[in-house]
Amino acid sequence: MSPDLGTFESDCPGGAGACRVGFPPPLAPTLHVPSSLEFALGITLVPPASPARELLTVSAARAGLRVVDGMEGAALVLVDLTAPSNGPALRAVLDSPRASHITLVALVEPSEQGFAAAEPLRPADVITVPVSPHELVFRLQRAAGRHLEREGQERGQEDLSLLLELTADYAETSDVEALLHGVTRRLAEKLDIARATLVMLGRNADEGVIVAASDDPALKDLRIELSRYPEIREVMRTGRPVVMDEAPTHPLLGDLERRAVAARGIHAIAALPLPIRGQVRGVLLLRAAGRRRTFTSREIDFLTTVAHATAVALRNASVLQSVRGQTEAEKTARLAAEEQAASFKPYQLFFAHVSEGVAILDDKASVLSLNPSGAAMLEFPATEARGRHLHQVTQPLDDGVLMELVTAASRGESRSGVDVEVRTGAGRRLTLSMSAAPLRDEDAATILSFRDVTDARRLEDELRQTKDFLERLIDSSVDAIIAADLKGRIILFNKGAEALCGYTAQEAMANLTVEQLYQPGVARKIMATLRGSEHGGKGRMALTREELVHRSGERVPVNMTASLVYEGGREVFSVGIFTDMRDRMKLERKLSDVETRLEESEKSAVIVALAGTAAHELNQPLTSVMGYAELLKRKLKEEDFAWKPVDIIYREAERMAEIVRKIGKITRYETKAYMGEQQILDLDKATSHED
């Protein structure tokens with residue numbers, strides 16, 4: 001009779017009808033407001049009779065927390081230091097075995113004494129009274145977030161410690177069967193599940209062998225039919241983890257399996273592959289029941305790493321040999337150990353002569369070997385480094401980056417070019433560019449190489465800052481600044497150039513050449529001028545007037561200077577600075593018009609003054625001529641010979657008097673053509689506005 005793995009697997013929290021097939025990415029710890037208070041973080045009030053209880057009850061519900069009595073089940077504690085007689089209750093909290101696992105939030109009076117009373121408690125947050133419900137909700141959510149973040153970090157450290165212990169056991173224990181049982185038992189205890197099971201695949205695809213179960217050290221070599229376990233077959237098919245929330249309704253299971261899972265109270269199933277030489281040779285199987293409803297992403301990540309490490313250990317284990325019908329487990333393990341030890345020697349001889357630092361690490365990330373370059377770089381003697389943890393040797397400022405690098409290598413992944421800031425044995429800070437890889441395809445040992453890039457990174461930062469400063473400086477210029485390579489492709493186009501030419505910098509650098517910004521032939525003329533020495537010296541062009549072509553086709557007059565940029569005596573690119581002259585030319589035209597009108601006004605004033613003077617001076621002799629002519633006419637008779645000439649003199653004198661009168665009325669300068677191109681004063685127009 002084939003056994004049911006329901007009695008051999010683990011327990012996990014379930015979702016609301018959803019399930020996950022495959023391995024999801026790990027999630028950072030965040031505050032999660034649960035759909036039911038049953039799964040919310042608990043918060044208790046100290047002292048219990050504090051007047052803040054009613055406010056806490058309302059605010060905790062809004063913050064996604066549940067109020068509990070006493071320390072049992074409490075993750076957060078609201079300590080009311082304003083309440084009378086809070087001393088005994090507070091001492092009970094501090095003396096509780098769970099004191100190190102809770103997060104404190106203190107209510108204090110807004111005074112120096114109030115804050116002084118909270119200082120010894122080192123609470124996560126301090127709130128002064130009176131406090132509004134909105135503020136309390138916000139503070140409680142932040143405190144809960146810090147609590148979850150701290151718990152996540154602690155769990156991560158626990159995972160890492162357990163993983164290091166397991167890998168150490170894999171390397172040191174010769175009793176593989178007892179070891180595998182110990183692995184499943186410790187996983188079941190850590191995850192708080194009923195059972196964890198290791199299943200190896202048999203010689204054919206329909207058969208599996210249970211090699212270890214968490215609650216039965218005697219259970220081994222028990223054969224099962226894989227047709228009853230679709231989750232194992234799915235792992236074999238895809239080579240990826242399978243996680244099923246709400247297992248009793250999951251479509252991967254058949255009706256028979258669903259009923260069996262539901263009958264045993266199983267909420268979720270997790271199956272993780274054990275890859276050996278690129279093939280799935282076994283499965284770590286866990287089923288969640290009881291209080292646990294599902295497996296978190298962090299737990300699946302941890303279990304995947306454990307499964308990989310277990311697969312490496314099983315490669316040379318007697319259990320795998322028994323599945324394949326082999327019986328020489330001790331011999332294989334001894335040969336593998338000897339092979340690994342011997343493999344380090346050629347590496348050490350080779351790495352002793354390379355300029356980069358090289359460290360060989362064991363399963364626990366402890367240093368097995370450090371080459372001379374690495375010892376000199378870290379200022380840490382190689383003999384003292386041997387056997388120490390990598391963190392002790394490098395003293396990283398961010399140990400998370402370094403541990404992720406080493407952990408990835410332990411999973412068989414190679415990483416390169418990761419910058420890690422460390423502190424040397426002499427206290428100097430260095431930036432090392434590190435690369436890590438598994439020493440062999442499936443061995444847990446890791447090779448770590450590193451080189452000092454402190455000066456390079458500092459120079460990069462300085463260059464980046466200089467570049468940012470120059471870009472801001474160029475963009476802040478009112479004048480247009482345009483640079484182009486020797487093929488005419490635009491490589492710099494500042495904000496002033498965008499305003500002057502109508503193109504964006506992206507458009508100009510992607511689609512334009514510098515010749516398109518000038519009239520035909522002008523760009524070549526400018527380059528010829530730059531290469532000559534007549535206009536400011538070789539490679540320079542003094543201020544000159546040109547026209548740029550706007551995107552709309554408008555010709556924009558500009559004053560420009562230009563220069564060639566050389567590198568090692570070789571022309572690299574050209575740059576021009578352009579000043580928009582449109583506003584200045586408009587102003588010049590206005591000034592010219594004003595000057596013209598001023599000249600005309602001055603002419604008119606001169607003409608008017610001259611006309612007045614001439615009229616005044618001519619009137620006196622003309623009056624005498626007319627008077628004497630009139631006297632002569634009166635003394636002569638019409639039949640006299642002299643009467644007609646005198647009459648002509650008199651009429652012409654009257655005509656001249658009319659002309660003088662018009663001259664005296666001139667107020668503006670008006671001319672007319674006279675004898676070809678000659679111009680004379682037009683008396684009628686110059687005096688017409690007076691009529």
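Predicted model, so just to flag it, every value in this text is computed and none were measured.
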Next item on the list: Test R545 against M560 for side chain to side chain contact (heavy atoms under 4.5 Å, CB included), laying out the working first.
Entry: CA-CA 6 Å; R545 178 69 61 89; M560 69 170 288; over 6 Å; no
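- Using a distance-only test at 3.5 Å, with no hydrogens or angles considered, no donor-acceptor pair links the side chain of S533 to the main chain of G537.
- Here the closest heavy-atom approach between residue P557 and residue D580 is recorded as O-OD1, 3.8 Å.
- The local environment of CZ in R122 is sparse, with at most 12 non-hydrogen atoms from other residues, nucleotides or ligands closer than 6.0 Å.
- Under the 4.0 Å criterion applied to side-chain N and carboxylate O atoms, K525 and E546 are assigned as salt-bridge partners.
- Using a 4.0 Å cut-off between a side-chain N of Lys or Arg and a carboxylate O of Asp or Glu, E149 and R146 do not qualify as a salt bridge.
- Remark: P621 engages no residue in a side chain to side chain contact (heavy atoms under 4.5 Å, CB included) (not counting sequence neighbours).
- The backbone N or O of V358 sits less than 3.5 Å from a side-chain atom of N371, completing a donor-acceptor pair.
- Salt bridge absent: K364 and D362 never bring a charged side-chain N and a carboxylate O closer than 4.0 Å.
- Between R142 and D125, no side-chain nitrogen of the basic residue sits less than 4.0 Å from a carboxylate oxygen of the acidic one, so the salt-bridge criterion is not met.
- Taking every heavy atom of both residues into account, R540 and L530 meet most closely at C-CD2, 3.7 Å.
- Between K538 and R531, the closest side-chain pair of non-hydrogen atoms is not below 4.5 Å.
- No side-chain heavy atom of P396 sits under 4.5 Å from any side-chain heavy atom of V401.
- When every heavy atom of A542 is checked against every heavy atom of T561, the shortest pair comes out as C-CG2, 4.2 Å.
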Next item on the list: In sequence, state the C-alpha distance, the side-chain angles, and the governing distance for R458 and D461, and then conclude on salt bridge (Lys or Arg N to Asp or Glu O under 4.0 Å).
Entry: CA-CA 5 Å; R458 185 183 301 115; D461 290 341; over 6 Å; no
Item checked: Derivation and outcome, side chain to side chain contact (heavy atoms under 4.5 Å, CB included), residues E554 and R582 -> CA-CA 11 Å; E554 175 190 0; R582 286 177 290 189; 3.3 Å; yes
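- L430 approaches T454 most closely through the heavy-atom pair CA-OG1, 3.3 Å.
- Separating the CG atom in L473 from the CG atom in D468 is a distance of 12.5 Å, to the nearest 0.5 Å.
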Donor-acceptor list for residues 487-501 side chains, cut-off 3.5 Å, not counting sequence neighbours:
| residue | atom | partner | partner atom | Å |
| --- | --- | --- | --- | --- |
| R489 | NE | D485 | OD2 | 2.9 |
| R489 | NH2 | D485 | OD2 | 3.2 |
| N494 | OD1 | I481 | N | 2.9 |
| N494 | OD1 | G496 | N | 3.4 |
| N494 | OD1 | A497 | N | 2.9 |
| N494 | ND2 | I474 | O | 2.9 |
| N494 | ND2 | D479 | O | 3.2 |
| E498 | OE2 | A505 | N | 2.7 |

Next item on the list: Report the C-alpha separation of Y518 and E547 in whole Å, then their side-chain angles, then the decisive distance to 0.1 Å, and conclude whether the side chain to side chain contact (heavy atoms under 4.5 Å, CB included) test is met.
Entry: CA-CA 7 Å; Y518 295 101; E547 287 185 342; over 6 Å; no
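- Two residues are said to be in side-chain contact when any heavy atoms from C-beta on lie closer than 4.5 Å; M434 and L448 meet this criterion.
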